[in-house]
Number of protein chains: 2
Amino acid sequence: MEEKEISQAVIGRLPRYFRYLGELKDEGIERISSQDLSELMKVTASQIRQDFNNFGGFGQQGYGYNVEYLYNEIGNILGLNRRHNFIIIGAGNLGQALGNYINFERRGFIFKGIFDANPKLAGREVRGVKVMPMEKLGQFMRDNDIDIAVLTIPKAGAVEVAEKLVQNGVRAIWNFAHVDLNVPQGIQVENVHLSDSLMKLSYNISRYMKEQDATLKA
Amino acid sequence: MEEKEISQAVIGRLPRYFRYLGELKDEGIERISSQDLSELMKVTASQIRQDFNNFGGFGQQGYGYNVEYLYNEIGNILGLNRRHNFIIIGAGNLGQALGNYINFERRGFIFKGIFDANPKLAGREVRGVKVMPMEKLGQFMRDNDIDIAVLTIPKAGAVEVAEKLVQNGVRAIWNFAHVDLNVPQGIQVENVHLSDSLMKLSYNISRYMKEQDATLKA
DNA sequence: AAAAGTTTGTCAATGAATTGACAGGATATT
DNA sequence: AATATCCTGTCAATTCATTGACAAACTTTT
């Protein structure tokens, strides 16, 4: 039973498929062909078939794909059939924003606790959960079966906190701190570097402006 | 003077180079070889040289790269030498968090205004800027030379708002709404789909768990 | 029940990105 | 000043990702 490795390029596209299929399902659409989906999503039909086929034959010749079935299958592939308890480290604006984001719960991500090093914030509530001081982190993680930690603290403290999270059995870190974490093999890290994203935007603005200049001169 | 197109794969790596070089600069380090940088950043030296060389010969044989020079050059390539005024649409938790994030200013992104459709929020302040109602959007954009709009509203209204932004001359949209925007050619869109990112994390947790199971059985 | 039309899964071809290798030019050492 | 060492820029090789093409299988129409 040899599982072949799926490339991260493919994984990165799955959430978008999942989203479109969810919308189709909500519209009551039962079936869709790779051709129609490709027009909707603006990608090639070949890529869609290739992607889905990494996980098995979900479609049927002459019919296409059953929307609801495919939606559920992709959800399972993404692990959305499991529940994951998560905590947030850093009760600043961003930490609070993520704690208040209710949609994560719908996908099985359960907001369990929020921590902050600043004692002034202790006791403050985010969606019914009291902000706790960092001293309580270890005990809380062990008592509450925490899989995922969301790191929304400044870069200075992030590496140290990440170590503590690993010591207490975290499986994955969703890292919003602007620093690369160095964790042991087997701990998953997903970085969200907002300023990197903004710089890419900045680059593309500049590039377009230069392109325009060049075109006008020519 | 033919500018060759740089792949987005390369662009996506520039902010990370920029960050590491900034740190080296702050540590007072004057020069670095692709070899040393590759060990620090955990990428191949070949890739580093290849990447930098897209923009011209920044290095010198036998010496390496001058840290400060390279840092500045990459900053310029990313367009960080220009200033961009931005507004935020959606004064919820996330919108406020981004408005309060001071570091963007350091890179030339100036927070000018924030809007929300909910009249209850009007008048509330985010970093000295009053939340304005959507009716004022058009006039404000024209009066304040707005380049970038940050979209932190629910998906339902996002497409419509994006159109309005385009009508009022926005150059780029930093899109946090969970929907694909369809804008005219020449308007830059950078998506930050947080739930997609979380799903990738979820996939990688599941994959690792399955891997573990398989290894134990074998 | 046969014919026409649809659409997948897959193989092969193409294209893009990454890595490896090394000549040549600069620096550092003796 | 000569020699050894270092390190870039670039070409070639390799690996990875995307696209194109089509036989086979199913659905729909006649």
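Naming convention: chains lettered A, B, ... in sequence-line order (proteins, then strands); numbering from 1 in each chain.
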Asks: Closer than 4.0 angstrom, basic N to acidic O: yes or no for R207(B) and E5(A)?
Replies: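 The answer is yes: the pair qualifies as a salt bridge.
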Asks: Please state whether the rings of H178(A) and H193(A) are parallel, tilted or perpendicular, taking 30° and 60° as the class boundaries.
Replies: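 The rings of H178(A) and H193(A) stand perpendicular, inter-plane angle above 60°.
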Asks: Inspect the contact between D196(A) and R16(B) and indicate whether a charged nitrogen and a carboxylate oxygen are less than 4.0 angstrom apart.
Replies: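 Salt bridge flag = no for D196(A) with R16(B).
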Asks: Expressed as a whole number of angstroms, how long is the span from E5(A):CD to dT15(D):P?
Replies: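 That distance rounds to 17 Å.
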Asks: At a cut-off of 3.5 Å, list every protein nitrogen or oxygen paired with a nitrogen or oxygen from nucleotides 7-9 of chain D, distance to 0.1 Å.
Replies:
unit_1	atom_1	unit_2	atom_2	d
dC7(D)	O4'	G62(B)	N	3.0
dT8(D)	OP1	S34(B)	N	2.8
dT8(D)	OP2	S34(B)	OG	2.6
dT8(D)	O2	Q61(B)	NE2	3.1
dG9(D)	OP1	F58(B)	N	3.3
dG9(D)	OP1	G59(B)	N	3.0
dG9(D)	OP1	G59(B)	O	3.2
dG9(D)	OP2	Y65(B)	OH	2.9
dG9(D)	N7	R49(B)	NE	3.0
dG9(D)	O6	R49(B)	NE	3.3
dG9(D)	O6	R49(B)	NH2	2.8

Asks: Quickly, which of Q212(A), E211(A), K210(A) forms a side chain to side chain donor-acceptor pair (under 3.5 Å) with Y208(A)? Name it, please.
Replies: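 Testing Y208(A) for a side chain to side chain donor-acceptor pair (under 3.5 Å) against Q212(A), E211(A), K210(A) leaves exactly one candidate, Q212(A).
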Asks: Between F86(A) and F111(A), is the ring centroid distance below 6.0 Å?
Replies: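 Yes, they do, as the ring centres are separated by less than 6.0 Å.
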Asks: Between D51(B) (CG) and dT10(D) (C1'), how many Å, whole number?
Replies: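 Those two atoms, CG and C1', are 14 Å apart.
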Asks: Any sub-3.5 Å donor-acceptor pair from N175(A)'s side-chain atoms to V179(A)'s backbone N or O?
Replies: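 Present.
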Asks: Does anything in residues 11-28 of chain B reach DNA chain D, meaning a heavy atom under 4.0 Å, and if so which residues?
Replies: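 Nothing qualifies; none.
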Asks: Should the pair K25(B)-E68(B) be classified as a salt bridge under the 4.0 Å nitrogen-to-oxygen rule?
Replies: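 Between E68(B) and K25(B) there is no salt bridge, as every charged N stays at least 4.0 Å from the carboxylate O atoms.
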Asks: Need one value for T44(B): base, sugar-phosphate or nothing, where a base atom within 4.0 Å counts as base even if backbone is also close, heavy atoms only.
Replies: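 Here T44(B) touches the backbone only, sparing every base.
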Asks: Check every nucleotide of DNA chain C for an atom under 4.0 Å from a heavy-atom of chain A, then give the first and the last such nucleotide from 5' to 3'.
Replies: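 In short, chain A contacts DNA chain C from dT6(C) to dC11(C).
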Asks: Check this for me, if you would: do D180(B) and R19(A) make a salt bridge, where the nitrogen-to-carboxylate-oxygen distance has to be below 4.0 angstrom?
Replies: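 The answer is yes: the pair qualifies as a salt bridge.
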Asks: Taking atom types as they are modelled, is there a donor-acceptor pair under 3.5 Å from the base of dT10(D) to the side chain of Q50(B)?
Replies: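 Flag unset: no donor-acceptor pair detected.
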Asks: If the plane angle is over 60° it's perpendicular, under 30° parallel, otherwise tilted; pick one for F109(A) and H84(A).
Replies: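 Judged by the thresholds at 30° and 60°, the geometry between F109(A) and H84(A) is parallel.
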Asks: With under 30° as parallel and over 60° as perpendicular, where do the rings of F18(B) and Y71(B) fit, or are they tilted in between?
Replies: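 If you compare the ring of F18(B) with that of Y71(B), the planes turn out parallel.
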